[in-house]
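Residue numbers start from 1 in every chain, and the chains themselves are labelled A, B, ... in the order their sequence lines are given, proteins ahead of strands.
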Amino acid sequence: MMVKQISIFVENRAGQLLKVTDVLAAHQINMRALSLADTRDFGILRLIVDDADKAATALTEAGFVYSITPVLAVIIPDEPGSFSHILHVLADGGINIEYTYAFLSQSSDHACMIFRVENAEKATEVLQANGVELAMQQELYRQ
Amino acid sequence: MDRCYQPEIETMPVEEIKKLQSERLVKQVAHVFANVPYYRHLMEEKGLTPADIHGVEDLHKLPFTCKQDLRDTYPYGLFAVPMDDVVRLHASSGTTGKQIVVGYTQHDLDIWDEIAARQLVAVGGSKHDMVHVSYGYGLFTGGFGLHGGAQRLGATAIPVSSGNTKRQITILRDFGSTILCCTPSYAAFIGETLHDMGLGPEDISLKAGIFGAEAWTEEMRRDIEAKLGIKAYDVYGLTEIMGPCVSYECSAQTGMHVNEDHFIVEVIDPDTGKVLPEGERGELVFTCITKEAFPLLRYRTRDIGIISRKPCPCGRTFIKMSKPMGRTDDMLIIRGVNVFPSQIEGVLMERGYSSNYQIVVNRVNNTDTLDVYVEILPDQFSDTVRGVSAAEHELEEALKSLLGIVAIVHLVAPKSIERSTGKAVRVIDKRKLHD
């Protein structure tokens with residue numbers, strides 16, 4: 001029940017992010033979720049795209065350093081308190097969250113959150129045991 | 001115990017070596033004083049005459065010779081014999097300044113051949129070997145040095161010279177070369193080309209390589225050894241003193257034995273000129289005690305090294321010098337600590353980083369700062385900031401424990417540090433201390 005996230009090393013200089021997006025655009029790769037972590041010298045651009053393998057090939061050709069990480073895509077109702085509920089479930093299960101960010105959903109009745117956790121398998125069990133719905137890569141694009 | 005070319009000399013008891021050096025030094029100082037007005041003048045300035053030099057214990061009294069002295073006396077001002085007795089000239093390339101020219105008598109060339117033969121035997125060579133010399137032939141001393149040694153030994157010299165790498169490999173294969181002599185970077189390139197041609201060590205007959213004339217690391221040694229299926233040995237020399245084989249590596253591969261019957265080595269503090277005890281790092285200084293045509297006294301090489309007389313398993317008693325660890329002219333003084341770019345490079349190479357790096361020294365609020373920019377390795381990168389920071393931190397710790405000062409490491413994108421087609425710019429010192 002994992003989604004492939006591509007994380008790209010981006011130097012903290014003007015125009016560096018653009019270089020990545022230009023490569024993806026040139027290969028007709030569509031982005032659905034994005035998060036950028038930044039430090040003094042560099043940033044890490046985390047992306048969920050429609051075709052992770054194609055994106056990986058394109059990035060390799062262009063000489064980028066990147067990694068592919070499995071992350072959880074959690075479907076949550078689009079209403080107050082639902083994100084808290086997920087956090088409760090994970091906290092009760094002893095799951096530590098590395099980072100989380102929102103997915104651009106086209107549906108109005110639910111939202112989707114990306115979670116990167118330490119133990120993804122255990123997190124999946126805990127979430128499913130609590131009736132939380134997880135999305136697969138292809139499902140994210142059906143909408 | 002290694003086989004030696006001249007065991008009676010190469011394994012001579014240390015006391016006898018010192019006695020021989022003393023006799024030869026006294027004779028040499030008299031020769032230089034009588035025949036080189038420039039040196040006579042330098043000695044007279046210090047109130048010295050040859051009568052003040054009784055042996056190696058008096059060596060420290062003599063003036064140093066520097067590169068600038070060679071430039072000031074260019075071309076023939078330091079020659080100690082008439083040109084009629086000079087049978088060969090060589091010159092050092094002018095990449096770091098004006099070129100200098102050196103001369104050899106036939107006796108000088110005989111000594112050179114002899115020490116090069118010692119080097120060849122130390123790497124397992126004999127008259128049965130095919131010595132493939134890929135150093136350049138010409139004014140540069142590289143080619144002729146080992147060429148002469150091979151002939152002296154009765155081996156077969158193959159004067160291939162440098163360049164045309166595919167042809168080098170054809171010759172290696174067709175002529176059956178067994179010992180390769182070239183720069184370490186060229187050896188690595190020959191190894192790579194061999195592999196690119198779909199060939200490997202089993203397709204050539206090489207067993208050993210003698211690689212010098214530039215700095216290289218132990219990692220590079222292992223890489224060359226694996227690619228060519230050989231043992232790779234270091235050799236040291238400089239045009240001003242003789243050419244390659246002033247010192248030579250043995251089977252122990254832990255430093256180079258200085259040919260002490262012909263050269264006296266000292267290590268000095270580059271700032272004060274004070275002679276340092278064995279085991280301390282400083283500038284290597286050589287005195288030629290048998291050379292006739294171009295006999296330099298206490299020549300400051302600007303190479304940084306350590307000398308040691310610890311017994312060597314090879315059986316040779318000549319003092320050993322480390323691989324040069326840098327140049328005094330590359331040395332940076334950061335927060336009062338001497339730092340050589342080569343030390344930083346060593347830490348990076350050990351951990352598999354590219355040799356493309358940049359060192360930036362600056363002064364902020366009257367404190368020196370040291371920043372090292374290194375290209376990130378793909379397999380180090382994860383999706384978390386923590387992962388990259390840990391890699392930077394690991395390098396910072398390693399640099400701190402080696403240098404004794406804090407360096408800030410910045411991992412940057414691959415290929416983002418500018419490649420140079422000539423001499424790479426590794427150090428940027430923004431302190432402008434001399435303005």
Presence of salt bridge, B:E219 and B:R222, under 4.0 angstrom:
yes

Is the closest basic N to carboxylate O distance between B:R363 and B:D368 below 4.0 Å?
yes

For chain B, find which of A:R46, A:Q5, A:Q16 contributes the most heavy-atom pairs closer than 4.5 angstrom.
A:R46

Does any backbone or side-chain atom of A:I8 lie under 4.5 Å from a heavy atom of chain B? Answer side chain, backbone, both or neither.
backbone

Consider only side-chain N and O atoms of A:T60 and A:Y66, and report whether a donor and an acceptor are under 3.5 Å apart.
yes

Sort A:F42 into side chain, backbone, both or neither according to what part of it lies under 4.5 angstrom from a heavy atom of chain B.
side chain

Any carboxylate oxygen within less than 4.0 angstrom of a Lys/Arg side-chain nitrogen, looking at B:R221 and B:D234?
no

